[in-house]
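One structure is given here, and the rest of the page talks about it.
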Amino acid sequence: MSVARWYGLWHGGNGYGPPEPDDLEEFASLAEARAKLADRHRYGYWQRSHFAFTRREAANVLTPCVGDDCEITLYGSADGLDYPDRRIFLGPRGGVRIERC
């Protein structure tokens, strides 16, 4: 699937509730989404992350990931949130991985 833009729902880990549809954000590429997850995991306690929300005003917020189970589920469309196309998550050695769903 070749997608110009990706739409994702960030989940900060097991201490957070599941994301809501209004939390949907837009990413210019898979690489941007991957970098956002890495930054939110590593720097979220003290550095604000930009959320380009699609259904509400953009925001810059702190994103403390509470564990290594944080992830972003990605969709090829802002309308099709039934089942994700990709999942970005942390690997066992701290890297960021992308898998097809």
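FYI, the numbering just counts along the sequence from 1.
For the pair G8 and L74, the tightest heavy-atom approach, listed with the atom from each and the gap, is CA-CD2, 3.8 Å. When every heavy atom of A33 is checked against every heavy atom of I72, the shortest pair comes out as O-CD1, 3.7 Å. Nearest heavy-atom pair across V96 and A38 is CG2-CB, 3.7 Å. What you find for A52 and A58 is that their closest heavy atoms are CA-CB, 4.3 Å. Here the shortest heavy-atom pairing between T54 and Y7 reads CG2-CD2, 3.7 Å.
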Please walk me through it: do L90 and H41 pass side chain to side chain contact (heavy atoms under 4.5 Å, CB included)? CA-CA 9 Å; L90 299 175; H41 180 254; 3.3 Å; yes
Does the pair S49 and N60 meet the rule for a side chain to side chain contact (heavy atoms under 4.5 Å, CB included), with working shown? CA-CA 5 Å; S49 181; N60 293 313; over 6 Å; no
Test side chain to side chain contact (heavy atoms under 4.5 Å, CB included) on R86 and E99; report intermediate values, then the result. CA-CA 6 Å; R86 302 276 196 288; E99 73 178 7; over 6 Å; no
Quick one: do E71 and R87 satisfy salt bridge (Lys or Arg N to Asp or Glu O under 4.0 Å)? Show the steps, please. CA-CA 7 Å; E71 68 179 20; R87 176 177 163 252; 2.6 Å; yes
For side chain to side chain contact (heavy atoms under 4.5 Å, CB included), just list the numbers for R56 and D23, CA-CA rounded to whole Å, side-chain angles, deciding distance to a tenth of an Å, and then say yes or no. CA-CA 8 Å; R56 58 185 163 115; D23 296 330; 2.6 Å; yes
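A donor-acceptor distance shorter than 3.5 angstrom exists from the side chain of E32 to the backbone of A28, with no hydrogens or angles considered. Using modelled atom types, no side-chain atom of R5 and backbone atom of E26 make a donor-acceptor pair closer than 3.5 Å.
To the nearest 0.5 Å, atoms OH (Y75) and CG (L24) are separated by 8.0 Å. If you take CZ on R42 and CG on L37, they are separated by 8.5 Å, rounding to the nearest 0.5 Å. One finds the CD1 atom of I98 at 4.5 Å from the CD1 atom of I88 (value rounded to the nearest 0.5 Å). Summarising the geometry, atom CG belonging to L81 is positioned 8.5 Å from atom OG1 belonging to T73; distances are rounded to the nearest 0.5 Å. Separation of atoms CD (Q47) and CG (L62) is listed at 9.5 Å; rounding is to 0.5 Å.
Both cation-pi conditions hold for R40 and F51: the charged atom is under 6.0 angstrom from the six-membered ring centre and inside a 45 degree cone around its axis.
The six-membered or imidazole ring of W10 lies away from that of F27, with a centre-to-centre distance of 6.0 Å or more.
The shortest distance between side-chain heavy atoms of W6 and S77 does not fall below 4.5 Å. Here the side chains of Y45 and T63 are not in contact, with every heavy-atom distance at 4.5 Å or above.
No side-chain N or O of H11 forms a donor-acceptor pair with one of D69 less than 3.5 Å apart.
Within 6.0 Å of the OH atom in Y43, the count of heavy atoms belonging to other residues, nucleotides or ligands does not exceed 12.
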